[in-house]
**Q** 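Mind looking over this structure? Questions follow.
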Amino acid sequence: MKRKFSFNTQVNIVRYAGSLLLTFLFGAMIISMQGESPLAAVRYIFEGSFGNKVNLGNVLHWFASCAMVGFAAAVAFKSGVMNLGLEGQLYMGAWISAILGYKLALPPVIHPLVCILAGMAAGLLWGLVPALMKLIFQVNEIITTLMMNFIAILLTDYLTVLFLDYEGITNVTVVKTPTIQKTAQLTVLIKGTSATTAILIAIVVGIVLHLLYHYTVKGYELKQVGENLRFAKMGGVNATQTFISIFLLTSMIAGMCGALEVLGVNHQFITSFSSNMGWDGVMIARVAVNNPLVVMAVSFFWAIFKAGSLYLERATELNRYVINLLQAMLVIFLSADYSMILNKYYAFVKRKKQRLEIKEGT
Amino acid sequence: MGQETEKYVLETRNICKSFGALKANDNISLKVKRQSIHAILGENGAGKSTLMNILTNIHKPDSGEILIDGKVMKFKNPRDAAKAGIGMVYQEFMLAKDLTVLENIIIGYEEGSGPLIDKKKNREKCEELCQKYHLDLPLDEKLTELPVAVLQQIEIAKVLYRGAEIIIMDEPTSALTPQGIEGLFQALKELKAQGKTILLITHKLDEIFAVSDALTIMRDGKLIGTFDPYEIDQQQAANLMVGREVILEAQKLPCHPKDVVLKIEGLHVRDSEGIERVKGVDLTVRAGEIVGIAGVAGAGQQHFIEALFGLRGAEKGSVVEFKGENILGKHPGELRKHGIGYVPQDRIATGCNTKGSLWENAIMGYHRAKGFTPKWRLNRKQADTFTRQVLKAFDVKHQSIEEPIGSLSGGNIQKLIVGREFLQDCDLLIIEDPTRGIDVGAIEYIWAKIIEFASKGAAILLVSHELNEVMQLSDHIYVMYNGQLQDGGEHGELSEKEIGFIMTGGKRDEEKV
């Protein structure tokens with residue numbers, strides 16, 4: 001048996017190929033069970049993503065959002081911080097940028113910049129609370145960040161109503177802030193679509209993170225802290241400081257993502273707008289093994305599924321949650337311990353070969 | 001033929017096992033006589049543990065067979081091996097701290113019907129067992145308070161309870177005091193008298209010569225030979241283990257201590273539960289000398305070192321001065337900048353990042369103490385140069401500096417860890433257990449480096465659970481017992497036995513009387 005790749009590479013190949021295959025298999029089963037053709041579903045997804053200019057714009061828009069939450073999650077997980085509060089941080093960022101986008105009168109370029117910075121600050125402050133609770137009271141950040149999601153979603157809801165002073169509410173089912181000023185809106189890259197400069201910002205953030213991890217001492221420390229905290233402490237890394245900086249960075253990116261959503265596409269804060277984007281981030285980071293560049297690639301696929309699933313829902317009997325289901329399945333399949341499986345397989349092949357040799361020998 | 005095999009309770013025939021390209025066991029044919037204490041000697045990585053894991057069916061052999069009482073065994077899982085009478089006592093005890101001694105012994109093999117446990121029957125069985133083998137165990141006590149020697153006896157009781165006829169012990173003496181080792185050997189002899197067979201896996205030659213009936217030496221995955229203890233002496237056995245001449249004694253250089261580098265006065269440290277672990281330690285370390293601290297594990301060394309290196313807070317009123325400057329309360333990063341290096345005890349949990357590459361591991365600490373230019377930038381050229389220096393100076397066997405450190409052997413990992421601290425030219429080096437669980441060749445190498453480093457003018461504080469190591473290397477020896485330091489004399493002043501006596505709470509003068 002020739003071994004062209006190192007064991008780790010082999011494991012990764014099996015991991016990704018196997019998971020994709022399994023996901024497609026199960027997906028085909030689920031779709032068939034609902035009386036639709038899996039192949040047609042694939043076609044609709046691609047039509048929904050690349051069929052025309054608007055669809056393509058949607059994919060690009062989703063790419064930016066997915067990549068931003070993906071970065072936020074990856075930054076946290078890479079350093080062993082379980083920030084599950086992306087959703088909440090995103091809401092805070094979105095709300096504050098919608099308000100400032102509406103209230104302030106500033107020239108273009110500066111206006112969105114101010115809004116984005118404010119969104120980042122809001123996300124950061126929201127992330128600071130669980131960080132401090134962990135440091136002072138040793139409360140596990142998984143619990144606090146998770147709970148603070150609910151607070152953020154309902155708080156922004158309440159603040160929106162408060163801001164509108166009850167009179168501005170024309171529609172009871174959808175509570176939203178007024179549309180932001182033209183000056184605050186992000187520039188549209190492809191006319192008539194939702195592809196805005198948010199895409200460029202996402203790419204820049206991804207590259208900056210990549211550079212941070214590969215070319216700076218701080219990035220080196222962040223990685224070591226995630227892989228072995230005791231090792232990092234022993235080596236002189238200030239764990240407390242690092243923990244805070246990770247927390248602030250991840251929640252800041254999440255807040256920024258919320259701001260970009262508002263300034264780029266929605267142009268207003270709509271309560272409960274995000275449809276679990278924060279959780280997409282968790283999944284994307286998981287699939288991309290917390291590598292910023294891979295996060296970008298995975299986000300692109302995620303975006304195709306997101307844009308395509310809406311179209312799929314319209315064109316077929318299928319519900320778009322089928323796609324969510326497939327995404328979740330993919331994450332679960334990827335999380336299996338493939339090195340163990342591969343080892344068992346090799347041992348099995350070897351034993352079989354030996355048995356065969358013995359048989360031939362006698 | 002029948003009688004021939006009857007003599008051997010355990011036999012392996014042509015066992016082979018490979019991990020990737022590494023042949024961990026190469027055609028091992030071992031014969032173990034019934035009712036004997038059989039030692040298996042070899043350096044780390046010689047394949048001892050692999051062989052034992054094959055006997056207990058944790059690893060499946062690639063080929064070869066195992067015979068018990070002359071019958072070929074077909075094990076499907078570790079439980080089959082246990083049923084066939086093979087019991088294993090691991091180096092790291094597999095015990096549940098929160099359960100009582102009794103519960104630990106019966107776990108997994110409880111007497112009772114269905115989901116119910118018959119407490120009375122279990123207790124009777126345990127008491128009977130303890131009586132039979134003269135094990136004096138406090139059955140109802142929880143494990144948290146018990147000393148290591150007792151934990152080991154619990155492990156032995158556990159395998160006996162499971163009906164083991166052949167007991168395999170992995171490095172059983174590593175956690176014990178000299179007195180504890182004697183107690184263990186007494187217990188082993190008792191077991192032997194009762195008809196059990198014992199396999200001792202170890203790389204400590206001197207201890208096992210006294211008790212073994214047979215010695216099997218392994219090297220590089222091969223079985224070198226099985227000897228009677230009177231056939232060969234220690235030196236010969238050591239040569240067979242490493243395949244070359246080994247000097248088991250360190251080449252100590254004369255020591256010329258200069259200025260005081262580290263001064264500790266009245267250091268008190270509490271653990272996270274508020275229990276005082278270090279109870280007033282006074283100590284000075286001068287430039288150019290090696291100060292060694294011996295002691296049984298858990299005597300307070302860990303808390304002492306952690307407080308010293310800023311990983312743990314110390315009580316008010318404690319004084320720790322480095323070159324006359326107070327360093328208490330400073331975190332490790334600052335201490336490293338001051339020129340203090342640290343080799344932690346547990347190389348896997350603390351000493352390295354097993355997922356990281358060689359260079360990532362080599363520059364840890366250095367990146368703060370020496371720093372890069374410019375300060376914020378991870379200068380790979382500089383990092384690689386330093387890594388290569390470490391690898392070369394400490395003869396770390398490796399393939400590339402990008403490979404994960406987890407793929408190196410224990411000895412090579414330790415060399416890298418020690419090397420990374422040594423090459424930063426610190427003024428004070430705190431070293432914990434620098435040679436724990438590594439092979440003789442690497443021990444020799446690291447010992448020589450420590451002595452060389454001190455002779456160049458560095459102050460070294462050596463904390464080791466290996467008494468011999470402290471005695472070989474230190475210019476002045478202290479013994480930590482119950483959070484306090486006892487004087488253990490200058491280099492060579494007291495014998496191993498005398499220091500062992502202090503380690504278990506005796507006073508130096510009492511011993512002399």
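Letters A, B, ... are given to chains in the order of the sequence lines, protein chains preceding strands, and every chain is numbered from 1. Here the structure is a predicted model, which is why all the values come from computation and not from measurement.
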**Q** Say you draw a straight line from CG of Leu378(B) to CD of Glu221(A); how long is it, rounded to the nearest 0.5 Å?
**A**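 Answer rounded to 0.5 Å: 10.0 Å.
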**Q** In terms of heavy-atom contacts, does NZ of Lys415(B) have more than 12 from other residues, nucleotides or ligands at under 6.0 Å?
**A**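 For Lys415(B), atom NZ is crowded (more than 12 foreign heavy atoms under 6.0 Å).
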**Q** For a quick test of reading the model, state the closest non-hydrogen atom pair linking Ile348(B) to Asn228(A) and the distance between them.
**A**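 Looking at all heavy atoms of both residues, the closest pair is O-ND2, 3.7 Å.
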**Q** So for atom CZ, which belongs to Phe333(A), do other residues, nucleotides or ligands contribute more than 12 heavy atoms lying within a distance under 6.0 Å?
**A**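 It does: Phe333(A) CZ has more than 12 such atoms within range.
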**Q** Take atom CZ in Arg286(A); do more than 12 heavy atoms of anything else shown fall under 6.0 Å from it?
**A**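 No, because the 6.0 Å sphere around CZ of Arg286(A) holds 12 heavy atoms or fewer from other groups.
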**Q** Do the ring planes of Tyr220(A) and His367(B) sit parallel (below 30°), tilted (30 to 60°) or perpendicular (above 60°)?
**A**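 Perpendicular.
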**Q** Any sub-3.5 Å donor-acceptor pair from Arg336(B)'s side-chain atoms to Met234(A)'s backbone N or O?
**A**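 Yes, the answer is positive, given that a donor and an acceptor are paired below the 3.5 Å cut-off.
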**Q** By a 4.5 Å heavy-atom criterion (distance strictly below it), what part of Tyr342(B) contacts chain A: side chain, backbone, both, or neither?
**A**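 The answer is both parts of Tyr342(B).
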**Q** Return the option, out of Gly236(A), Ala232(A), Ala239(A), with the maximum number of heavy-atom pairs under 4.5 Å with chain B.
**A**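 So the answer, after comparing Gly236(A), Ala232(A), Ala239(A), is Gly236(A).
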**Q** Let me know if Arg420(B) has heavy atoms under 4.5 Å from chain A in its side chain, its backbone, both or neither.
**A**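 Only the side chain of Arg420(B) comes within 4.5 Å of chain A.
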**Q** Would you sort out whether Val237(A) and Met364(B) count as a side chain to side chain contact (heavy atoms under 4.5 Å, CB included), showing the intermediate values?
**A** CA-CA 9 Å; Val237(A) 178; Met364(B) 180 51 79; 4.2 Å; yes
**Q** Please look at Leu335(B) and chain A and tell me whether the side chain, the backbone, both or neither of the residue comes under 4.5 angstrom of a heavy atom of that chain.
**A**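 Looking at Leu335(B), nothing touches chain A.
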**Q** Could you tell me which portion of Lys375(B) (side chain, backbone, both or neither) has an atom closer than 4.5 angstrom to a non-hydrogen atom of chain A?
**A**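 Contact with chain A involves the backbone of Lys375(B) alone.
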**Q** Report which part of Arg377(B) has an atom under 4.5 Å of a heavy atom belonging to chain A: side chain, backbone, both, or neither.
**A**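 The answer is both parts of Arg377(B).
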**Q** If you count heavy-atom pairs under 4.5 Å between each of Ser63(B), Cys352(B), Pro404(B), Pro332(B) and chain A, which one has the most?
**A**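 If we count pairs closer than 4.5 Å to chain A, Cys352(B) comes out on top.
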**Q** Can you measure from CG (Leu229(A)) to OG1 (Thr350(B)) and round to the nearest 0.5 angstrom?
**A**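 Rounded to the nearest 0.5 Å, the CG-OG1 separation comes to 10.0 Å.
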**Q** Given that the side chain runs from C-beta out, which part of Asn361(B) has a heavy atom under 4.5 Å from chain A: side chain, backbone, both or neither?
**A**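 Both parts, backbone and side chain.
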**Q** Counting only heavy atoms not in Tyr215(A) (residues, nucleotides, ligands), do more than 12 fall under 6.0 Å from its OH?
**A**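 Open: at most 12 neighbouring heavy atoms sit under 6.0 Å from OH of Tyr215(A).
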